[in-house]
There are 2 protein chains.
Amino acid sequence: MKNDGNSVNMAVVQRGYHHGDLRAALVSAGLELLKDRSVDDLSLREVARTVGVSATAVYRHFPDKQALLYALCEQGAAQLAHAQQEAMAAAGDGKSGFDETGRAYVRFAVANPALFRLMMTTRPPGGLLDADEGAVNAAMRLLRQNIASLLPPGATDDELRMATIKSWALVHGLAMLMLDGQVPADERIIDALTRPFAGEC
Amino acid sequence: MKNDGNSVNMAVVQRGYHHGDLRAALVSAGLELLKDRSVDDLSLREVARTVGVSATAVYRHFPDKQALLYALCEQGAAQLAHAQQEAMAAAGDGKSGFDETGRAYVRFAVANPALFRLMMTTRPPGGLLDADEGAVNAAMRLLRQNIASLLPPGATDDELRMATIKSWALVHGLAMLMLDGQVPADERIIDALTRPFAGEC
DNA sequence: CGCTTTATGTTTACAGCGATAACATGAAGA
DNA sequence: TCTTCATGTTATCGCTGTAAACATAAAGCG
């Protein structure tokens with residue numbers, strides 16, 4: 001007999017054999033752990049342990065670790081989209097509202113570094129930009145709509161696409177550089193770079 | 001006795017007990033492996049195996065795995081700086097030369113995804129931007145000089161700094177989005193976004 | 001030359017990981 | 001009530017990073 005750390009033993013008592021909604025519990029525990037851990041340091045076993053369940057129970061709800069991480073992404077994407085919508089609503093529509101979505105993007109990244117990084121490295125096949133369903137893409141749709149409304153009326157689809165990518169690249173680059181510690185996560189820098197935000201020059 | 005896969009056994013014969021320059025061999029094997037593996041899938045043991053040496057031999061040259069990875073970063077940074085300098089030299093100085101350094105940056109990232117990502121996540125204390133020694137920062141110095149030469153003469157240090165960050169963020173964001181598959185790694189997109197490259201609008 | 005030190009290899013071992021297989025429990029439907 | 005099946009469990013595997021103890025051979029010194 002070799003106990004490898006998979007078991008729970010006595011903890012089972014205070015819960016009953018079945019959990020109720022283990023899937024949701026795992027996701028929420030995962031998000032919690034990501035607040036002070038990098039993705040690499042997040043183990044499936046630790047998530048299970050946090051919830052008080054054996055490691056292999058996870059496999060009843062997710063085919064593998066990657067699938068669990070993807071579920072965390074979906075939650076994160078919903079949170080990001082929500083933050084952006086709130087930021088825009090608070091500033092009113094138009095140009096300054098658009099700038100605010102960019103700031104919200106960077107702030108979200110800085111506030112949730114591990115989750116944000118996970119979201120950006122874990123992608124649905126095809127990429128976020130051209131996908132068009134799921135909570136993951138609400139943020140993308142918002143970005144494209146905003147840019148469309150700011151471009152001159154005669155703009156081609158290609159111009160719209162390029163302007164979208166440019167805006168996204170700018171905020172995304174700033175976010176990543178701050179996450180990686182290459183640029184200080186300074187509110188002043190965020191403001192300055194997102195002011196005349198994007199492709200309208 | 002339990003053989004855990006650490007040993008080399010007969011391979012020792014065809015090499016002699018001592019290697020000669022194991023450190024360099026490990027670095028070059030690591031870079032080679034990173035060409036078709038993500039950083040997460042690169043194990044210290046595999047690097048050692050590739051070189052034909054026991055896993056623990058690595059520890060004679062690097063205190064831990066992270067230190068080995070950092071050595072890979074230094075090599076990568078040197079390569080990136082070189083690519084940028086070549087690109088600029090080929091295009092001549094001035095604005096179009098500057099644009100070319102941006103393109104070289106994105107192209108390097110797309111051509112060496114795992115290495116580039118490693119470089120950007122593994123940072124010297126303080127970040128690349130404000131560091132001022134080592135091969136790692138040649139690229140940064142080049143960027144700042146270029147921006148300085150393009151700004152109006154009366155620009156303040158702060159304006160210079162902001163313009164530097166903005167340019168870097170734009171190319172970096174584009175590079176990351178392409179690496180993550182969020183934007184297709186299309187030469188046309190790279191060209192379009194790096195043309196009126198940066199903060200001169 | 002021979003002897004000793006030291007750099008650089010080796011094996012062995014361990015705890016933690018993701019994942020599979022076999023078994024246990026208990027809620028739901030017949 | 002009996003059976004089925006979703007959802008738990010333990011045991012085990014091969015892999016990882018890393019430490020400790022041991023082996024080899026090159027370098028320095030008499």
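Chain letters run A, B, ... following the sequence lines, proteins first and then strands; every chain starts at 1. Below, all heavy atoms of this structure are taken into account, side chains as well, without hydrogens, waters or symmetry copies.
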Problem - Electrostatic pair B/Glu187:B/Arg103 at N-O distance under 4.0 angstrom - result: no
Exercise for the section: In whole angstrom, give the distance that lies between atom CZ of A/Phe62 and atom P of C/dA19. Expected result: 13 Å
Problem - B/Lys65 side-chain proximity, nearest of D/dT18, D/dT7, C/dG9 - result: D/dT18
Handout entry: A/Gln66 CD - C/dC17 P separation (whole Å)
Key = 18 Å
Practice task
Take the protein atom CZ of A/Arg60 and the nucleotide atom P of D/dC5, then report the distance between them rounded to whole Å.
Solution key: 14 Å
Practice task
State which of C/dG18, D/dT18, D/dT9 makes the closest approach to the side chain of B/Ala55.
Solution key: D/dT18
Problem - N/O donor-acceptor pair, side chain A/Arg45 with base C/dG18, under 3.5 angstrom - result: yes
Problem - B/His61 vs C/dA7: side-chain N/O to OP1/OP2 distance below 4.0 Å - result: no
Fill in the blank from the handout: To the nearest angstrom, the CG-P distance between A/Leu44 and C/dG18 comes to 5 Å
Problem - Step-by-step salt bridge (Lys or Arg N to Asp or Glu O under 4.0 Å) determination, B/Arg117 to B/Asp180 - result: CA-CA 10 Å; B/Arg117 214 190 289 271; B/Asp180 292 338; 2.4 Å; yes
Handout entry: side chain to side chain contact (heavy atoms under 4.5 Å, CB included) evaluation trace for A/Ile190 with A/Met178
Key = CA-CA 10 Å; A/Ile190 300 178; A/Met178 285 180 167; 3.6 Å; yes
Exercise for the section: Classify the side chain of A/Thr56 and the base of C/dT20 as holding, or not holding, a donor-acceptor pair under 3.5 Å. Expected result: no
Practice task
Give B/Ser54 one of three labels, base, sugar-phosphate or nothing, depending on what nucleic acid heavy atoms sit under 4.0 Å from its own.
Solution key: base
Practice task
Specify the residue among A/Asp64 and B/Asp21 whose closest nucleotide of DNA chain C lies further upstream toward the 5′ end.
Solution key: B/Asp21
Handout entry: Between C/dG18 (C1') and A/Glu46 (CD): distance, integer Å
Key = 14 Å
Exercise for the section: In whole angstrom, give the distance that lies between atom CG of A/Asp41 and atom P of D/dG17. Expected result: 13 Å
Fill in the blank from the handout: Rounded to whole Å, CG of A/Leu26 lies from C1' of D/dT7 at a distance of 12 Å
Practice task
Quickly work out the A/Tyr59 OH to D/dT9 P distance and round it to whole Å.
Solution key: 14 Å
Exercise for the section: Report yes or no: does A/Glu100 contribute a side-chain atom to a donor-acceptor pair with the main-chain N or O of A/Met88 at less than 3.5 Å? Expected result: no
Practice task
Determine: side-chain N/O of B/Arg49 to OP1/OP2 of D/dT16, distance under 4.0 Å, yes or no.
Solution key: yes
Completion exercise
Across all chains, not counting sequence neighbours, the ring-ring contact (aromatic ring centres under 6.0 Å, His included) partners of B/Phe116 are B/Tyr105, B/His172
